[in-house]
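Here's the structure, in structure tokens; my notes come after.
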Amino acid sequence: MEYNFKELEQKWQKYWSDNETYKVEIDQNRPKFYVLDMFPYPSGAGLHVGHPLGYIASDIYSRYKRLNGFNVLHPMGYDAYGLPAEQYAIQTGQHPETTTEKNIARYREQLDKIGFCYDWDREVKTCDPDYYHWTQWAFKQMFNHYYCNEADAAKPIEELVTKFETNGSADLNIVCSEQLEFTAQEWKAKTEKEQQEILLNYRIAYLADTMVNWCPELGTVLANDEVKEGLSVRGGHPVEQKVMRQWSLRVSAYAKRLLDGLEHVDWSDSLKEIQRNWIGRSEGAAMTFAVKDSDVKMEIFTTRADTVFGVTFMVLAPESELVAQLTTSEQKEAVETYLQETKKRTERERQAEVDKVTGVFTGSYAINPCSGEQIPVWIGDYVLAGYGTGAVMAVPGHDSRDFKFARHFNLPIIQVVVPEGEEVSDPSTWEDSKDSKAGTMINSDFLNGLSVPDAIAKTKVFIKDNGIGDVQINYRLRDAIFSRQRYWGEPFPVYYKDDMPYMLDDSKLPLTLPEVDKYLPTENGEPPLGRAKNWKTDEGFPLELNTMPGFAGSSAYYLRYMDPKNDKALVGKEANEYWQDVDLYIGGTEHATGHLIYSRFWNKFLYDIGEVVKDEPYKKLINQGMIQGRSNFVYRIKGTNTFVSYGLREEHDVTPIHVDVNIVRNDELDIEAFKKWSPDYASAEFILEKLSDGKAGGKYICGWAVEKMSKSMYNVVNPDVIVEQYGADTLRFYEMFLGPLEQSKPWDTNGIDGVHKFLRKTWRMFYGDNGLTLSDEKATPEELKVLHKTIKKITDDVERFSFNTCVSAFMICVNELVDLKCNKKEVLEPLAVLLAPFAPHIAEELWQLLGHETSVCDAQWPEFNAEFLVESTYKYPVSFNGKMRFTLDLPVDMSKDDIEKAALSHTMAQKWIDGKTIRKVIIVPNKIINIVVG
RNA sequence: GCCCGGGUGGUGGAAUCGGUAGACACGCAAGACUUAAAAUCUUGUGUCCAUUAGGACGUGCGGGUUCAAGUCCCGCCCCGGGUACCA
């Protein structure tokens with residue numbers, strides 16, 4: 001019987017579904033294992049062959065763990081809210097839910113064909129009210145908590161109110177937007193509205209006027225990770241800075257824990273590094289500079305406190321509040337002109353023109369707290385309002401930006417550090433600042449002669465002792481802007497009373513997304529929800545018009561899978577205590593600064609309030625590489641409809657044209673399909689490769705290039721097509737065979753025949769020409785050796801996620817067993833189990849042929865027995881001066897002396913020793929023999 | 001600029017702890033079977049020299065450590081990713 005993958009795969013997919021093979025329940029008698037894929041956004045284009053790469057890897061690992069006795073949770077769902085569905089809705093008037101559901105159905109159909117072991121009873125969709133109920137609930141909790149630095153955790157806001165009532169704002173070590181000072185009396189005297197305004201300063205989810213990334217084209221604000229190089233990540237539209245009253249999440253309060261937590265997770269170094277950079281910890285000193293003839297105090301942050309004697313001026317960000325206070329009447333006009341000009345420059349222009357120095361003098365002078373010197377205060381747009389205090393002490397001698405500014409405006413430059421291996425020199429001769437951290441201090445009073453690190457330490461002590469400042473740690477991580485002025489997202493559980501936000505009662509959740517007539521802003525610029533009829537509470541208070549951003553729904557989805565139908569809680573205690581956290585998370589590296597930061601933050605918050613048992617959500621994380629496209633080209637001779645094959649294209653003047661990779665096989669064009677592909681090519685003519693006898697008439701060979709996988713390049717390969725042609729098991733095997741999981745690589749269907757052949761060859765070990773050929777005979781030592789070598793290799797490689805080498809190992813195993821003409825059940829049965837995680841359909845069929853009546857999913861992973869691999873001899877490579885010349889079979893337990901004798905007396909050795917002296921003989925038993933001659 | 005990855009045959013890749021470089025597969029070539037094709041099977045296939053035997057060279061480039069380097073160290077080049085006035 002032939003290997004009929006089509007029939008066989010349908011049969012087993014139906015079996016799994018009928019028998020609920022992949023249904024998972026809590027089982028206290030088995031250890032849990034949680035394998036998670038980053039859930040997809042269901043786009044209109046469907047899955048291409050790159051999407052399942054990570055899913056196949058996680059599926060293999062899930063099945064492997066199950067075979068090893070684990071109770072494996074392996075769910076799947078959809079990140080269903082998103083801009084593309086909404087943009088499409090704006091264009092067509094179709095409800096985004098309709099297109100989203102359609103896309104989800106298509107995704108599901110495609111996923112089902114690949115034979116994944118998902119427990120679909122646990123599916124979640126972020127746009128489902130039963131799901132976003134808990135997104136809204138979590139937001140409420142964040143609104144009702146503040147961050148206490150002492151406890152290093154979120155605490156209920158009522159506790160803070162009690163503190164205000166007894167002590168006012170005194171002696172609080174908590175995270176806030178700005179420092180406020182009031183007494184208990186003052187607090188009590190405030191109106192409800194004033195109190196609410198103050199509490200927003202501390203809430204973890206808070207409403208505030210903040211500098212936001214506004215994208216006019218998308219009509220919404222965006223979070224920092226949604227903006228790249230001044231453009232929106234989605235769509236590439238320009239983004240500008242603007243102050244708006246928006247919801248934010250106080251992610252920055254968790255900066256330290258998000259950074260420290262990286263030490264305890266098993267993620268790739270590069271991913272951790274991306275997160276570390278994004279969080280951006282810097283340790284330095286906060287210092288206060290007094291201003292001459294003024295009460296204003298200038299707060300600055302510096303990591304180079306040692307260079308304080310090199311400060312020759314101060315610079316304020318144009319947006320700094322101090323600008324107005326420090327501008328003198330003489331400079332007022334100049335400053336205002338400058339502020340107008342900078343405002344006109346977009347964020348993108350500012351970033352693009354980093355070299356362009358702009359600034360203006362305020363007219364004020366600050367006083368250096370260490371030297372007592374007076375220094376001018378400038379305004380410059382190289383100083384960012386959003387980082388540190390929006391003001392810097394400028395050290396032009398040792399900071400390249402300050403140096404450029406000083407040169408441009410002719411401000412003094414002093415050298416205070418002599419870099420290692422250099423002499424003191426005249427700053428006016430310098431090309432650039434000397435930023436080196438390895439050097440010795442000069443011109444710096446009590447710091448003279450110290451090394452830079454010592455000087456930093458000493459300055460810190462000095463400023464502390466003299467009340468000038470303190471040691472401080474700054475983070476680059478900003479709070480996450482959480483409002484979107486869009487329709488297709490979670491509604492906020494928020495209403496407004498007297499312009500102050502209040503949370504809906506839990507009994508009102510979920511607050512479902514209302515219908516609107518159009519998915520556009522209202523005439524007076526309100527978000528689309530402004531169009532909804534009756535968008536207010538029962539009492540008549542208006543509801544929030546913004547919706548939540550994309551990362552809201554993806555931040556806690558992994559918890560929901562544990563207990564997806566619970567209508568009392570996000571996740572029940574029992575489920576959470578059993579499943580705990582994700583043991584293995586597989587997904588793309590593009591979520592490094594978005595989802596993976598937010599969801600860690602969200603989880604830590606839930607941990608603080610006692611909802612979940614783990615502080616970190618994802619124990620081990622693997623980033624699968626991107627699958628790039630591999631495009632094919634045909635070469636049209638200019639001005640004709642004649643196409644010349646790749647090898648002959650240089651003999652003509654040609655235009656390369658993308659051709660659909662689906663009508664090309666092993667770079668050979670299917671000419672008939674090409675003619676049908678487009679009417680333009682129906683009458684095309686072809687110049688083919690020359691045959692070996694030199695005559696024309698061979699194949700039409702296409703050129704190729706690695707590009708992004710996209711429709712416009714005609715290089716999109718759909719997994720359904722591969723499943724149709726070769727079967728799901730071949731697709732699964734081939735995706736793994738392409739190369740290491742974490743490496744990016746182009747999809748190239750060339751080579752898929754190899755793995756398909758391998759599966760057929762495996763099949764034929766069971767089925768010969770005359771039917772089933774299995775034998776109950778005892779296996780030979782050779783056969784057992786092949787089997788156990790494979791058990792060891794596959795087990796080791798699956799453990800280290802090296803799936804590509806597993807495929808090779810299977811091929812070697814089957815090749816060797818076929819050579820041995822093995823048809824013994826004793827060998828083929830364990831082999832079927834080894835295959836099951838990789839090629840579940842064929843494995844089920846083989847398992848059944850071996851006489852089993854239950855699924856191979858519930859078999860036991862074969863145990864490796866080293867005894868079968870014991871050898872009596874070892875084939876030594878014999879090297880001379882490190883170059884291998886011949887091999888020599890010797891007993892494994894032979895003594896070093898005997899090995900040396902055997903090697904030196906070998907006939908082949910004479911040739912290399914002849915006429916030379918043996919200087920040394922290196923023998924590593926059962927490894928190598930190296931003879932040094934000279 | 002800074003911080004991470006990576007560079008091995010015609011192609012994808014293997015070499016897990018410094019110990020036989022190129023496993024496995026594709027492609028290609030030759031052959032068997034076949035009326036023919038497909039499928040299948042056999043053999044060969046890093047480059048260069050040599051009829052063979054065999055030899056020289058060879059893991060981006062240059063140097064070093066070592067009995068031995070794709071693997072470790074120093075310097076450089078190229079490709080991919082992250083980040084960018086972060087004080």
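Letters A, B, ... mirror the listed sequences (proteins, then strands); counts begin at 1.
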How far does the C1' atom of rG13(B) sit from the matching atom of rC17(B), given to the nearest Å? 22 Å
Do N930(A) and rC67(B) have a side chain to base donor-acceptor pair shorter than 3.5 Å?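 Yes, the side chain and the base share a sub-3.5 Å donor-acceptor pair.
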Pairing of E871(A) and K785(A) as salt bridge, 4.0 angstrom limit: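 A salt bridge links E871(A) with K785(A).
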What I want to find out is whether K792(A) reaches D796(A) closely enough, with some N-O distance under 4.0 Å, to be called a salt bridge. yes
Given the rule in the salt bridge (charged side-chain N to carboxylate O under 4.0 Å, His left out) test, do R630(A) and D748(A) qualify, once you have shown the distances and angles that lead to the verdict? CA-CA 6 Å; R630(A) 185 182 188 277; D748(A) 180 359; 3.2 Å; yes
Go ahead and name the base partner of [N]; Watson-Crick or wobble counts if both distances stay under 3.5 Å, otherwise write none.
| N | answer |
| --- | --- |
| rG27(B) | rU45(B) |
| rU83(B) | rG1(B) |
| rU16(B) | none |

Measure the distance from CH2 on W704(A) to P on rC26(B) and round it to the nearest whole Å. 18 Å
Grab the CD-P distance between Q628(A) and rG81(B) for me, whole Å please. 9 Å
Scan R276(A) against the nucleic acid and name what it touches under 4.0 Å (heavy atoms): base, sugar-phosphate only, or nothing. nothing
Taking syn as within 90° of 0 and anti otherwise, name the glycosidic form of rG60(B).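 Anti, since the glycosidic angle lies more than 90° from 0.
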Can you tell me whether the base of rC17(B) sits syn or anti, using the 90° cut around 0 to define syn?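 Syn conformation here, the glycosidic angle of rC17(B) being no more than 90° from 0.
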Does rG13(B) have OP1 or OP2 under 4.0 Å away from a side-chain N or O of Q743(A)? yes
Any side-chain N or O of R885(A) under 4.0 Å from OP1/OP2 of rA68(B)? no
On RNA chain B, nearest-nucleotide positions of R665(A) versus S808(A): which is more 5'?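 Residue closer to the 5' terminus by nearest nucleotide: S808(A).
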Ring-plane angle category for F880(A) and F886(A), please: parallel below 30°, perpendicular beyond 60°, tilted otherwise.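 Taking F886(A) first and then F880(A), their aromatic rings sit tilted (interplane angle of 30° to 60°).
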